Amino acid sequence: AILRSFRYLFDSRDRGDSERIAMLDTPEGVHGCKAHGKCTEVCPKEIQVAKTIGKTKKKIYDLKKQKQII
(Lines give C-alpha, C1' and ligand atoms only; values in the text may rest on other atoms or scores of the structure.)
Protein backbone atom coordinates (compact mmCIF):
# COMPACT_ATOMS: atom_id res chain seq x y z
CA ALA A 1 0.00 0.00 0.00
CA ILE A 2 2.87 2.37 0.80
CA LEU A 3 4.48 1.72 -2.56
CA ARG A 4 1.21 2.31 -4.36
CA SER A 5 0.77 5.57 -2.48
CA PHE A 6 4.25 6.63 -3.58
CA ARG A 7 3.11 6.47 -7.19
CA TYR A 8 0.25 8.86 -6.54
CA LEU A 9 2.19 11.24 -4.28
CA PHE A 10 4.62 11.96 -7.08
CA ASP A 11 1.94 12.29 -9.75
CA SER A 12 1.20 15.99 -10.28
CA ARG A 13 -2.29 15.15 -11.58
CA ASP A 14 -3.36 13.53 -8.31
CA ARG A 15 -5.41 15.70 -5.95
CA GLY A 16 -5.76 13.31 -3.00
CA ASP A 17 -2.35 13.98 -1.50
CA SER A 18 -3.55 15.54 1.77
CA GLU A 19 -5.64 12.51 2.69
CA ARG A 20 -2.97 10.11 1.51
CA ILE A 21 -0.26 11.87 3.50
CA ALA A 22 -2.42 11.86 6.63
CA MET A 23 -2.58 8.06 6.39
CA LEU A 24 1.12 7.64 5.60
CA ASP A 25 2.47 10.09 8.20
CA THR A 26 1.94 7.68 11.10
CA PRO A 27 3.91 5.01 12.95
CA GLU A 28 1.82 2.44 11.07
CA GLY A 29 2.65 4.16 7.77
CA VAL A 30 6.06 5.24 6.52
CA HIS A 31 7.44 5.94 9.98
CA GLY A 32 7.24 2.26 10.84
CA CYS A 33 10.05 1.69 8.33
CA LYS A 34 13.48 1.68 9.94
CA ALA A 35 15.29 1.37 6.58
CA HIS A 36 16.96 -1.96 7.30
CA GLY A 37 16.41 -2.96 3.68
CA LYS A 38 15.05 -6.46 4.29
CA CYS A 39 11.93 -5.66 2.27
CA THR A 40 14.12 -4.72 -0.68
CA GLU A 41 16.09 -7.96 -0.34
CA VAL A 42 12.99 -10.14 -0.53
CA CYS A 43 10.98 -8.17 -3.10
CA PRO A 44 10.26 -10.54 -6.00
CA LYS A 45 10.05 -7.59 -8.42
CA GLU A 46 13.40 -6.17 -7.24
CA ILE A 47 11.80 -2.88 -6.22
CA GLN A 48 13.96 -0.63 -4.03
CA VAL A 49 11.30 -0.59 -1.31
CA ALA A 50 13.35 1.08 1.45
CA LYS A 51 14.53 3.78 -0.96
CA THR A 52 10.95 4.43 -2.09
CA ILE A 53 9.74 4.72 1.50
CA GLY A 54 12.62 7.12 2.21
CA LYS A 55 11.56 9.31 -0.71
CA THR A 56 7.99 9.25 0.61
CA LYS A 57 9.18 10.35 4.06
CA LYS A 58 11.14 13.21 2.49
CA LYS A 59 8.14 14.30 0.41
CA ILE A 60 5.98 14.43 3.55
CA TYR A 61 8.68 16.39 5.39
CA ASP A 62 9.08 18.85 2.52
CA LEU A 63 5.35 19.43 2.21
CA LYS A 64 5.08 20.05 5.96
CA LYS A 65 8.04 22.45 5.78
CA GLN A 66 6.29 24.35 3.00
CA LYS A 67 3.16 24.33 5.19
CA GLN A 68 1.13 22.83 2.40
CA ILE A 69 -0.20 20.22 4.80
CA ILE A 70 -0.66 20.02 8.55
Side-chain angles (χ1 to χ4, degrees):
I2 292 172
L3 290 178
R4 187 164 287 149
S5 294
F6 171 84
R7 184 178 99 201
Y8 294 110
L9 269 178
F10 288 87
D11 184 343
S12 61
R13 300 169 293 176
D14 183 58
R15 298 293 173 231
D17 56 343
S18 294
E19 294 138 18
R20 189 169 293 103
I21 289 171
M23 290 186 289
L24 291 170
D25 193 21
T26 66
E28 295 81 25
V30 294
H31 300 296
C33 173
K34 303 303 178 208
H36 297 295
K38 296 297 180 189
C39 51
T40 299
E41 286 179 26
V42 300
C43 180
K45 294 187 177 187
E46 300 180 358
I47 298 170
Q48 298 293 313
V49 180
K51 190 176 192 178
T52 302
I53 292 172
K55 286 181 181 180
T56 303
K57 287 179 181 181
K58 182 168 180 356
K59 175 82 169 187
I60 291 169
Y61 172 80
D62 291 345
L63 289 172
K64 283 182 163 184
K65 189 175 178 183
Q66 295 172 10
K67 299 185 188 243
Q68 291 183 0
I69 63 168
I70 297 176

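Quantities reported herein were computed from a predicted structural model and do not represent experimental measurements. We use all heavy atoms of the structure for the numbers below, so side chains are in, but hydrogens, waters and symmetry mates are not.
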Peer 1: For Lys38, check side-chain hydrogen bond (donor to acceptor under 3.5 Å, both in side chains) against everything at least two apart and list the hits.
Peer 2: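 Counting only residues at least two positions away or on another chain, Lys38 forms no side-chain hydrogen bond (donor to acceptor under 3.5 Å, both in side chains).
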Peer 1: My understanding is that only one of Lys58, Lys65, Lys59 makes a salt bridge (Lys or Arg N to Asp or Glu O under 4.0 Å) with Asp62; could you say which?
Peer 2: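 By the salt bridge (Lys or Arg N to Asp or Glu O under 4.0 Å) criterion, Asp62 pairs with just one of Lys58, Lys65, Lys59: Lys58.
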Peer 1: Compare every heavy atom of Gly37 with every heavy atom of Ala50, then report the nearest pair and how far apart it is.
Peer 2: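 Looking at all heavy atoms of both residues, the shortest contact is CB-CA, 4.2 Å.
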Peer 1: Can you find a heavy atom in the side chain of Ser5 that is under 4.5 Å from one in the side chain of Met23?
Peer 2: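 They are not in contact (no side-chain heavy atoms under 4.5 Å apart), so the answer is no.
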Peer 1: In chain order, what residues pass the salt bridge (charged side-chain N to carboxylate O under 4.0 Å, His left out) check against Lys51, with sequence neighbours excluded?
Peer 2: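 Scan of Lys51 (salt bridge (charged side-chain N to carboxylate O under 4.0 Å, His left out), adjacent residues dropped) gives none.
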Peer 1: Would you mind listing every side chain to side chain donor-acceptor pair (under 3.5 Å) that reaches into residues 39-50, with sequence neighbours excluded?
Peer 2: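 Qualifying pairs, neighbours excluded: none.
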Peer 1: Please collect all ring-ring contact (aromatic ring centres under 6.0 Å, His included) contacts where either partner lies in residues 24-63, sequence neighbours excluded, each pair once.
Peer 2: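 Checked against ring-ring contact (aromatic ring centres under 6.0 Å, His included) - neighbours excluded - no pair reaches residues 24-63.
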Peer 1: Mind checking what makes ring-ring contact (aromatic ring centres under 6.0 Å, His included) contact with Phe10, not counting sequence neighbours?
Peer 2: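 Here the qualifying residues are Phe6.
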Peer 1: Give the cluster check for Ile47 versus Ile53: same hydrophobic cluster or not, with ILVMFWY residues linked at side-chain heavy-atom distances below 4.5 Å.
Peer 2: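 Yes; tracing contacts between hydrophobic side chains, which count when under 4.5 Å, links both residues.
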Peer 1: Report, as yes or no, whether the 6.0 Å neighbourhood of atom NZ on Lys55 holds more than 12 heavy atoms from other residues, nucleotides or ligands.
Peer 2: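 Not buried by this count: 12 neighbours or fewer within 6.0 Å.
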Peer 1: Between Asp14 and Leu9, is there a side-chain heavy-atom distance shorter than 4.5 Å?
Peer 2: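 No, too far: nothing below the 4.5 Å cut-off.
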Peer 1: Check each of Ile2, Ile21, Thr52 against Val30 using the side-chain contact (heavy atoms from CB on, under 4.5 Å) test, and report the only one that passes.
Peer 2: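 Among Ile2, Ile21, Thr52, the one that satisfies the side-chain contact (heavy atoms from CB on, under 4.5 Å) with Val30 is Ile2.
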Peer 1: Residues two or more places apart in sequence or in another chain: which of them pass side-chain hydrogen bond (donor to acceptor under 3.5 Å, both in side chains) with Arg13?
Peer 2: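 For Arg13, the residues satisfying side-chain hydrogen bond (donor to acceptor under 3.5 Å, both in side chains) (neighbours in sequence not counted) are Asp11.
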